[in-house]
Amino acid sequence: MSAANPKERLQSVRARIAAARALRGGSAPVELIAVSKTKSADEIVPLIEAGQRVFGENRVQEAAGKWPALKAVHEGLELHLIGPLQTNKVTQALTLFDVIHTLDRPRLASALIAARDNGIALPDLFVQVNIGAEAQKAGVMPDEADAFIEQCLNEWNLPVIGLMCIPPADEVPGPYFDRLAAIASAHGLSQLSMGMSGDFEAAIAEGASHVRVGSALFGARD
Ligand SMILES: *Cc1c(COP(=O)(O)O)cnc(C)c1O
């Protein structure tokens with residue numbers, strides 16, 4: 001499956017996304033987020049040159065070291081934060097990222113509200129749900145998700161557009177994706193950030209609007 005160069009890998013992933021979308025039916029789009037964590041600018045540029053514009057990073061510090069220079073040179077780049085966000089990094093994150101996928105606790109919501117109160121425009125947000133209720137994973141627990149989402153939307157007026165999850169590693173992911181879709185739908189949220197290199201087709205089948213794909217595009221990480 002491993003195509004020879006970045007451009008071919010991108011074409012192959014895009015073709016697989018298109019096939020999964022066709023199988024799902026309907027016209028809802030699927031955004032490909034190219035996850036470039038641990039990859040150098042030299043490895044990222046070929047994908048930009050092949051036409052990819054939307055990228056994901058999981059660490060604020062790492063993104064700060066790579067993306068301002070790339071954004072200065074390449075038009076139309078969009079950067080998504082897909083990893084945990086510490087409250088003391090919120091201001092920096094808001095200067096770097098166009099979308100944040102990992103809103104998962106009231107303290108982080110408070111920090112975002114404080115930034116907004118200081119005149120900083122907030123980006124689109126996803127609430128991360130710990131859909132498998134795993135001790136080691138971030139995200140609001142499934143049984144607390146409804147209350148937290150409700151608060152984000154109606155009490156705090158945060159620009160939440162959807163939900164994000166990472167299902168348990170060694171299980172069939174479909175039922176977890178389906179559960180996330182059900183929670184989102186109960187709150188009128190249409191955007192679902194779910195699916196990685198190993199399971200993005202299954203995620204699209206369950207309604208993913210954003211897939212986060214790293215190794216299938218860049219090759220394995222060290
Ligand atoms: C690393 C990462 C991905 C991409 O994983 P691959 O298996 O390399 O596609 C997606 N989502 C999150 C939150 C990640 O940290």
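First listed ligand is number 1; within each ligand, the first listed atom is number 1. If you're wondering where the values come from, they're calculated on a predicted model, not measured in any experiment.
Note that CH2 of Trp156 and CZ of Phe148 are 5.5 Å apart. Values are rounded to the nearest 0.5 Å.
Among all protein heavy atoms, the one lying closest to atom 11 (N) of ligand 1 is Arg212 NE, 2.9 Å. In terms of protein heavy-atom proximity, atom 5 (O) of ligand 1 is closest to Met196 CE, 3.6 Å. What sits closest to atom 6 (P) of ligand 1 on the protein, heavy atoms only, is Ser197 OG, 3.5 Å. At the shortest separation from atom 12 (C) of ligand 1 among protein heavy atoms lies Ile82 CD1, 3.4 Å. Lys37 NZ, 3.0 Å is the protein heavy atom nearest to atom 14 (C) of ligand 1.
The aromatic rings of Phe55 and Trp67 sit tilted relative to each other, their planes meeting at an angle between 30° and 60°.
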Acceptor/donor pairs from residues 131-138 side chains to any protein atom, 3.5 angstrom cut, sequence neighbours excluded:
unit_1: Glu134; atom_1: OE1; unit_2: Lys137; atom_2: NZ; d: 2.7
unit_1: Glu134; atom_1: OE2; unit_2: Gln136; atom_2: NE2; d: 3.4
unit_1: Lys137; atom_1: NZ; unit_2: Pro167; atom_2: O; d: 3.2

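At least one heavy atom of Arg221 sits closer than 4.0 Å to an atom of ligand 1.
Heavy-atom contacts of Val213 reach the following atoms of ligand 1: 9 (O) (cutoff under 4.0 Å).
Between Ile166 and ligand 1, no pair of N/O atoms sits closer than 3.5 Å.
Residues Glu31 and Ser209 have side chains that never bring a donor and an acceptor to within less than 3.5 angstrom of each other.
For Ala20, the side-chain contact (heavy atoms from CB on, under 4.5 Å) partners at least two apart in sequence or on another chain are Glu201, Ile204.
Side-chain N or O atoms of Arg21 include one that pairs as donor or acceptor with a backbone N or O of Ser27 at under 3.5 Å.
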